*Asks:* 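Let me begin by handing over the structure; questions about it come next.
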Amino acid sequence: MKILMVNKFLYPNGGSETYLFGLGEQLEKMGHKVQYFGMEHAGRIVGNSVQSYTANMDFHTGKLQKFLYPFKIIYSMEARKKIRLVLEDFKPDVVHLNNINFQLTPSILYEIRAFEKERKHPVRIVYTAHDYQWVCPNHMMCIPASGRLCFDCKGGKFGACTRNRCIHGSLVKSMLGTMEATFYKLCRTYRMVDSIICPSEFIKEKLDTDPILRTKTIMLHNFVEMPEWAKEENGKADGGAYGKACEAWEKLQTKLPKRYVLYFGRFSKEKGVGTLLRACQKLPQVSFVFAGTGPLTDEIGQAANIRNVGFISGEALYNLITGAEFSVYPSEWYENCPFSVMESQRYGTPIIASDMGGIPELVQDGVSGELFRAGDLTGLTEKIDKLWRQPALCRKYRKNCKNIKFDTIEEYCGKIIGQVYS
């Protein structure tokens, strides 16, 4: 089978790309042919045979290129032309879409179907919903300026995006987001998609409010894989014993307290880091380790009981997770199916997490960790203090984590091929 993976970013940028590259690599291991289409970028690590990509666009910059970007982010002739070159050369059986809006635009759906009709080559179009983009123009179901969670756009009432200035707090960008969502709704463009993979029941419920999308959704939680090198010696890795030869880990170890609570991920408001920082201030007796980057980096550096080790990946991150007493994931937006929550438990580390979006589907409250009401400073502080003071309870949760079942990448791909691609 030939699968064309489509995503605006073809370099490591976040959870969507972790999913994209992991899925593509495993499909190739299973004997399928995989190529990729998206934007060109200096950090691109995957591609296609004809080297056809769109020009890089950064919608987050302050300069919108007044007479060009407004058209390109709604409907991109460039993306249609560039993907056609890949379609003609590769002739995929499946086109698997991921994040395409704004930079690539859903206009590519028309080109895929045109290719299918002209060449009489059946193509199955699959979309993985990493966020709420197709029912919420700012993709997060919240108003950034106020932090208020909302679904004012429910039922296709996308004018709310403009009224609330939901995209980067900008009236112009929010108007463009409203125009884009309204255009594709009126054109019924998403009817051309065969299947929509929803990584949580929560996001499926939101997408199902659209009558076109409702008939196409299927729920499959993301995969989470134990690193191959950590499966040695009867599948156990005690506190990161097998990664200590890693130079990055050896350097990192010297900076860590003996006992610590871990947060790993983006340092941003929507991730609940602001609330977590206030909890840290109330718990001077607790040692915290933060791993990541983001806009709240400076605030983190001012806390006496937080050790910021920056962005960590691979063996070093695995060891950092397994060495923690427990991890914290205090997100304050409607999370879909965060890899961080699954990874912590899969690697045997209990977690305290907020009750947002799809998170409660992943954490067994009182079994593998504990949930608290998102944004509740008192609740979060009490949970952290409780587990810090009760190592025996942490050990119980740690043991229970070993029994949690998440799909491996092999199992996930098997489901994708059997239930979605065929």
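If you're wondering where the values come from, they're calculated on a predicted model, not measured in any experiment.
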*Asks:* Any side-chain heavy-atom pair from S344 and F326 closer than 4.5 angstrom?
*Replies:* no
*Asks:* Can L149 and I143 be said to form a side chain to side chain contact (heavy atoms under 4.5 Å, CB included), step by step?
*Replies:* CA-CA 6 Å; L149 299 171; I143 302 173; over 6 Å; no
*Asks:* Evaluate whether atom CE of M175 has more than 12 neighbouring non-hydrogen atoms of other residues, nucleotides or ligands under 6.0 angstrom away.
*Replies:* no
*Asks:* For R373, is the CZ atom crowded, meaning more than 12 foreign heavy atoms sit under 6.0 Å from it?
*Replies:* no
*Asks:* Show, in sequence, the C-alpha distance, side-chain angles and deciding distance for I416 and I197, and conclude whether the side chain to side chain contact (heavy atoms under 4.5 Å, CB included) test is met.
*Replies:* CA-CA 9 Å; I416 290 287; I197 300 170; 3.2 Å; yes
*Asks:* Between K399 and Y397, is NZ or CZ placed under 6.0 angstrom from the six-membered ring centre and within 45° of the ring axis?
*Replies:* no
*Asks:* Please assess F372 against S354 for the test side chain to side chain contact (heavy atoms under 4.5 Å, CB included), listing each intermediate value before the final yes or no.
*Replies:* CA-CA 5 Å; F372 73 100; S354 60; 4.0 Å; yes
*Asks:* I would like to know whether V86 and L4 meet side chain to side chain contact (heavy atoms under 4.5 Å, CB included); could you show each step before the answer?
*Replies:* CA-CA 9 Å; V86 182; L4 178 63; 3.8 Å; yes
*Asks:* What I'd like to find out is whether the side chain of H96 reaches to under 4.5 Å of the side chain of V6, using heavy atoms alone.
*Replies:* no
*Asks:* Quick one: pull up SG in C136 and NZ in K154 and give me the separation to the nearest 0.5 Å.
*Replies:* 13.5 Å
*Asks:* Do the side chains of Y421 and L27 get nearer than 4.5 Å, heavy atoms only?
*Replies:* yes
*Asks:* Please determine which of F9, Y53, Y11 meets the ring-ring contact (aromatic ring centres under 6.0 Å, His included) test together with H41.
*Replies:* Y11
*Asks:* Within a reach of under 6.0 Å around CZ of R148, are more than 12 heavy atoms found that belong to other residues, nucleotides or ligands?
*Replies:* yes
*Asks:* Within the structure provided, determine whether L320 and L256 are in side-chain contact (heavy-atom separation under 4.5 Å).
*Replies:* yes
*Asks:* Give a yes or no on this: more than 12 heavy atoms of other residues, nucleotides or ligands lie within 6.0 Å of atom CZ of R165.
*Replies:* no
